[in-house]
Amino acid sequence: MITAAPPPSDCRMTAPADLPDEATAAAELERLAAEIARHNRLYHTEDAPEISDAEYDALMRRNAVLEAAYPQLIRADSPSRQVGAAPAGHLAKVAHARAMMSLENAFSAEEVSEFVARARRFLSLAADEPVALTAEPKIDGLSCSLRYERGQLVQALTRGDGAVGEDVTANVRTIGDIPERLSGSAPAVFEIRGEVYMAKADFVALNARLLAEAEAAGDASKARQFANPRNAAAGSLRQKDASVTASRPLRFLAHGWGEVLPAAGAIPGDTQLDVMHAIADWGVPVSDLLIRAADADAALAHYARIEAARAELPFDIDGVVYKVDRLDWQARLGAVARAPRWALAHKFPAERAQTTLERIDIQVGRTGKLTPVARLTPVTVGGVVVTNATLHNADEIERLGVRPGDRVVLQRAGDVIPQIVENLTRDAPRAPWTFPTRCPECDSDAVREEGEVDIRCTGGLICPAQRIERLRHFVSRGALDIEGLGLKQIEDFFHDGLIHGPADIFRLSEEQLLARKKDGRVWAANLLAAIEAKRAPDPARFLFGLGIRHVGSVTARDLVKAFGTVEKVAEVATRAAAEPEARAELEAVDGIGPVVAEALIDFFAEEHNRIAWADLLSQVRPMPFVSEQRDSAVSGQTLVFTGSMETLSRDEAKAQAEMLGARVAGSVSARTDLVIAGPGAGSKLKKAAELGIRVIDEAEWAAIVAAAR
DNA sequence: GTGCCTCGAGTTCT
DNA sequence: CTCGAGGCAC
């Protein structure tokens with residue numbers, strides 16, 4: 001694709017002059033979504049573009065301008081949600097209708113009991129009320145969401161980051177286990193979630209076939225060999241050419257569901273097991289090891305059975321998944337940041353291996369933290385060759401007593417991140433490994449702050465490692481998520497002087513990119529389109545991307561939610577340097593205390609940051625915060641719960657309030673809008689009366705919650 | 001003051 | 001994923 005010179009940076013400034021009214025804008029956005037989708041298809045799938053790349057970019061920009069002006073009109077199928085413009089060679093990215101969450105892990109029977117106890121507490125259940133769980137093997141494959149509309153398969157997405165997955169519809173259609181149509185009567189929309197995997201025997205046969213094919217082609221050393229069935233399944237599913245997927249023996253097992261429409265009454269059953277049986281009846285495979293266990297002990301017995309049968313199973317598994325069987329309880333339990341409170345993955349013990357620690361290197365993170373990394377003699381653990389493992393900090397090195405040359409025991413915690421668990425070398429007392437006192441990248445002093453474990457480089461922005469890491473953070477998946485702009489690109493651009501700070505990313509020109517790569521027209525156009533798509537970024541992602549200490553994704557979201565826009569957050573933080581009232585305003589936000597407030601104030605007081613901030617805003621217009629909460633009688637209000645609750649636990653009441661767009665405070669003040677008082681309420685109730693604040697009881701609260709559904 | 005709980009930051013490999 | 005630490009309830 002060919003892109004015109006980058007748009008003038010003031011294009012967003014001039015936009016308001018020719019903005020249509022809301023109804024016209026809605027119609028235009030609808031037309032743009034359809035048109036851009038059509039051009040994407042023509043370009044990527046049919047290789048027959050009808051318009052020039054400059055014209056395509058103009059459509060994308062117009063879409064971004066309208067969405068920035070009318071965030072409430074952003075469509076579910078908006079091109080801006082399709083992260084980048086599906087660069088050639090990659091699969092299109094599509095937002096999930098319901099996030100695909102991960103699961104909390106447990107490694108012992110005690111943790112499983114604790115999980116049930118926590119659910120019981122949250123639901124305020126009597127100690128003798130049984131909590132039935134489903135239990136089934138956790139297949140080691142890759143999660144996938146299959147969307148059926150009127151019984152017809154219309155879309156398949158990989159898990160991706162949970163919010164946005166890759167479109168693998170064409171590939172999934174080649175998998176025999178996955179029917180094109182559901183048999184019987186399914187709801188209007190039903191998303192089946194499950195695991196795409198490869199059986200162990202098929203994996204061995206596939207590797208043998210690939211080897212034989214390479215030999216026939218004359219060079220067996222070039223044969224592609226997969227390390228394990230999971231990688232083989234992932235590599236086979238994420239193919240651009242679906243005919244390759246068709247030649248790979250993939251299978252599928254359902255384990256849950258996502259969006260179901262109509263919302264009321266369409267779910268076929270009252271329990272997890274009912275629905276899984278319905279899915280099986282529709283013709284989609286469900287594990288024959290799925291059972292309902294009456295309680296935690298019965299679930300643990302099933303775990304023992306599955307663990308004993310593990311080697312005989314036709315596929316790899318890495319544990320057993322338990323789910324609270326009753327769907328009404330699942331709904332009440334809800335979810336924490338990225339995992340439901342009603343499901344648990346009970347993992348098998350991690351596989352261990354021995355190897356030699358060759359040396360200890362120091363890495364510099366974006367905050368300046370120096371992290372020691374163990375370089376290891378390569379060793380296979382859990383099907384993957386590991387050569388690096390983090391040692392976290394100086395304390396950890398001291399605890400393990402490791403030095404270069406030592407034999408160590410390695411395990412992959414939770415089957416992912418390798419960690420050194422034990423040092424096998426126990427010879428005479430030796431001089432310990434000493435932590436450097438200067439930054440290996442910029443030679444600034446490296447110091448350990450009072451009361452902290454970490455040692456940090458004091459170089460700040462003069463340290464090239466910190467600058468690069470900050471840039472990398474800015475474009476990372478949780479922040480702006482610019483497709484095609486990874487660590488390597490950022491590093492190259494930085495070293496060649498194309499980029500000094502985040503705003504420079506938006507000034508990259510086609511000429512600059514083309515000068516770096518022969519025949520790089522497609523690459524340059526895709527990269528510029530991906531950057532262009534982020535000129536009106538999500539405000540929380542944008543704030544997170546700034547890399548302010550102690551402000552991660554959740555805190556960033558809380559801040560923009562509280563203040564409405566990122567600009568307002570910056571304004572309050574700037575004023576707070578001199579005005580105690582502004583500081584109090586920051587600390588009034590749930591989850592913000594003195595340390596986080598100070599970090600925000602420091603950031604916006606720092607000269608370099610002020611310059612970078614103004615520079616960024618000359619290129620980018622973050623969108624205002626859009627609440628995904630439902631309207632209710634208490635939206636935007638500050639609530640205080642006091643006294644005891646009969647049908648609700650404290651946690652659950654708080655979760656309900658947040659879902660309705662309210663803030664929950666701990667004590668009654670002039671800022672409180674409503675007090676929900678149960679029996680035994682004392683001083684808070686009295687204070688509410690003094691201040692003339694409305695007080696309701698639990699039944700009235702339940703009515704407000706019910707009215708909002 | 002103490003003890004959860006949640007969040008942030010850094011991390012592996014394909 | 002794990003660890004440390006900040007925030008907040010008790």
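All values derive from a computational prediction rather than experimental measurement.
- Note: CD1 (Ile548(A)) to C1' (dC7(B)) measures 16 Å, nearest angstrom.
- At the phosphate of dA9(B), OP1 or OP2 sits under 4.0 Å from a side-chain N or O atom of Arg366(A).
- For dC1(C), neither phosphate oxygen OP1 nor OP2 lies less than 4.0 angstrom from any side-chain nitrogen or oxygen of Gln419(A).
- Distance alone, capped at 3.5 Å, is enough to place a donor-acceptor pair between the Thr390(A) side chain and the His392(A) backbone.
- Atom NE2 in His392(A) sits roughly 19 Å away from atom P in dG8(B) (whole-Å rounding).
- The side chain of Thr367(A) places an N or O atom within less than 4.0 Å of a non-bridging phosphate oxygen (OP1 or OP2) of dG10(B).
- Of the side-chain N and O atoms in Thr390(A), none sit less than 4.0 angstrom from OP1 or OP2 of dT12(B).
- For Leu546(A) and dA9(B), the CG to P distance is 12 Å, given to the nearest whole Å.
- Taking the six-membered ring for Trp and thresholds of 30 and 60 degrees, Phe348(A) and Tyr303(A) have ring planes inclined between 30 and 60 degrees apart.
- Every residue two or more places apart in sequence or in another chain was checked for a side chain to side chain donor-acceptor pair (under 3.5 Å) with Thr371(A), and none qualifies.
- Applying the 4.0 Å criterion to OP1 and OP2 of dC13(B), one finds that Thr387(A) has a side-chain N or O inside that range.
- Partners of Glu469(A) according to the salt bridge (charged side-chain N to carboxylate O under 4.0 Å, His left out) rule, which considers only residues two or more places apart in sequence or in another chain, are Arg472(A).
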